[in-house]
Amino acid sequence: MTERSGTSGRTEEKKKAPRKTFRERLREFVVIGPLNYRILFPVIFLNVIGIIMIYSTSFYQFSNPFRLLRPQLMYVFIGFAAMLLVARTDYRFWIRVLGPVGAILSIGMICLLKTRLGVHNLGATRWLAIGPIQFQVAEPVKTLFMLFYAWLIGRTLFSRRGSLVIYWGVTLLCAFLFWRISNNMSTALILFLIGLCIDFVNRPGYRRYLILVCTVIAVVAAVLLIVGNSQPAADESFRITRIRAFLHPESDTYSSSEALQGQKALTALGSGGFFGRGLGQGLVKYTLSEPYNDYILAIVGEELGAFGVLVLMSLFIYLLLQILRVARDAVDTQGRVFCIGVFAQIAVQTLLNIFVVIHWFPTTGVSLPFISYGGASAVFLLIEIGMVFSIDNTSKNRRYRRDAAREVDQIDRRRAMQNLLY
């Protein structure tokens, strides 16, 4: 009888609890606090360098020298506006709203590539055209998948094993669809590596990952050995041709075709010296096709030299370390998972782009974050940085409130002790 009365009393208390006003709900939704300048400044510098280099690598290709500069400036402006908007809202709102449907939206956009909305270019279907808007599907998919990962891992809707099955099942399905529908192996690889990094952080244990890394190395070595020693076929895929060009760039078969871009990129890096030829004075860009995309780092090396490349890499490393710091200080699993996803995306894309330019990896078509030309890439990367700002400020606000409550509690205890003594 007592338990029932206690239960009914609690129920009545819940019913009598006053409803939150609109102002109170808005106050919870809006995140207050200055933006983390340790993240803001590297992002600004990287975007400024990217805009300058895009102009330097494209002004001579069109009758209008600002043909690519103007849209890139517009995309960066939109990206910064979206970044500020996301930074001032609670990141848990976006995870709660977009996280559950993130994987569904991603798979839906990939499947739309098979419709009339898909744009086929350079042997792959990677773009969607909806009216006047055309964007690369891979960019929103990466952001949506991070939201999905944060929602799935941060919630206890499934058992640990069930969550793991859903996690890797959706990841591998989306990567497979990118490979088969979009013919985009590089994005499939990036999605897999982002998922692997998040899983590594949330499930510590080096043995399984060591086995996986050794297996991947063995498979890659076997593929390179088989492809390198076999005779080229007339109907082989372009990926096999790229691997052959990567293994034999000096051969007459590939030196004037598939391996030409990579050789020119190495020439640009080598001719720049330590301080470079000077901004806008590069020569190799006149012979590269679309030097403002995948091989823009080679032009940075030629025009700004090894010094410019070192500055650029230092900015990337500093930014990644600050994102890791925000992930470490995050107050919940959702914030930590999203920060690790942003860290993995920027790190993986940067490393793959560098490896391609210095001829350590076959050509993949992976752009350099914040530097290469691309509207969707600029906008969604800045949106992800805005989420990192929101996670950082939310964590700081919660720690401040917790410390303030602790100090108030200590003051109350001291006053109670003083009242008892006097």
All pairs passing side chain to side chain donor-acceptor pair (under 3.5 Å) where residues 34-54 contributes a residue, at least two apart: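 Qualifying pairs: Asn36-Asp392.
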Roughly how far, to the nearest 0.5 Å, is the [atom2] atom of [Y] from the [atom1] atom of [X]?
X: Leu177; Y: Cys111; atom1: CG; atom2: SG; answer: 5.5 Å
X: Ile44; Y: Leu315; atom1: CD1; atom2: CG; answer: 11.5 Å
X: Ile299; Y: Ile296; atom1: CD1; atom2: CD1; answer: 8.0 Å
X: Met83; Y: Ile39; atom1: CE; atom2: CD1; answer: 10.0 Å
X: Phe370; Y: Thr350; atom1: CZ; atom2: OG1; answer: 8.5 Å
X: Phe148; Y: Leu152; atom1: CZ; atom2: CG; answer: 5.0 Å

Nearest non-hydrogen partners of Gln261 and Thr287, listed with the distance: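 In terms of heavy atoms, the two residues are closest at OE1-O, 4.5 Å.
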Closest non-hydrogen atom pair, Phe338 against Glu384: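 For Phe338 and Glu384, the tightest heavy-atom pair comes out as CE2-O, 3.9 Å.
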Return all side-chain donor-acceptor pairs below 3.5 angstrom for residues 95-107, not counting sequence neighbours, or 'none' if the list is empty.
residue : atom : partner : partner atom : Å
Ser106  : OG   : Gly102  : O            : 2.8

Sequence-distant partners of [X], side chain to side chain donor-acceptor pair (under 3.5 Å), two or more places apart:
X: Thr171; answer: Tyr149
X: Ser372; answer: none
X: Lys142; answer: Gln349
X: Tyr292; answer: none

Counterpart residues, side chain to side chain contact (heavy atoms under 4.5 Å, CB included), relative to Thr215 (two or more places apart):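 In terms of side chain to side chain contact (heavy atoms under 4.5 Å, CB included), with neighbours along the sequence ignored, Thr215 is linked to Ile211, Val219.
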N/O donor to acceptor pairs below 3.5 angstrom from side-chain atoms of residues 66-81, sequence neighbours left out:
residue : atom : partner : partner atom : Å
Gln72   : OE1  : Gly374  : N            : 3.3

Sequence-distant partners of Asp294, salt bridge (Lys or Arg N to Asp or Glu O under 4.0 Å), two or more places apart: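 For Asp294 there are no salt bridge (Lys or Arg N to Asp or Glu O under 4.0 Å) partners, ignoring immediate neighbours.
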Glu302: salt bridge (Lys or Arg N to Asp or Glu O under 4.0 Å) partners, not counting sequence neighbours: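 With neighbours one apart ignored, the set is Arg277.
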Leu84 vs Leu35, side chain to side chain contact (heavy atoms under 4.5 Å, CB included): CA-CA, chis, key distance, verdict: CA-CA 9 Å; Leu84 294 175; Leu35 298 182; 3.6 Å; yes
Validation row: Gln61, Pro291 side chains within 4.5 angstrom (heavy atoms):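 Heavy-atom side-chain distance check passes, below 4.5 Å.
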Under 3.5 Å donor-acceptor pairs involving side-chain atoms of residues 319-336, not counting sequence neighbours:
residue : atom : partner : partner atom : Å
Asp332  : OD1  : Tyr91   : OH           : 2.7
Asp332  : OD1  : Gly335  : N            : 3.0
Asp332  : OD2  : Tyr91   : OH           : 2.8

Salt bridge (Lys or Arg N to Asp or Glu O under 4.0 Å) contacts in which one or both residues fall within residues 303-314, not counting sequence neighbours: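 Applying salt bridge (Lys or Arg N to Asp or Glu O under 4.0 Å) to every pair that reaches into residues 303-314, excluding sequence neighbours, yields Lys285-Glu303.
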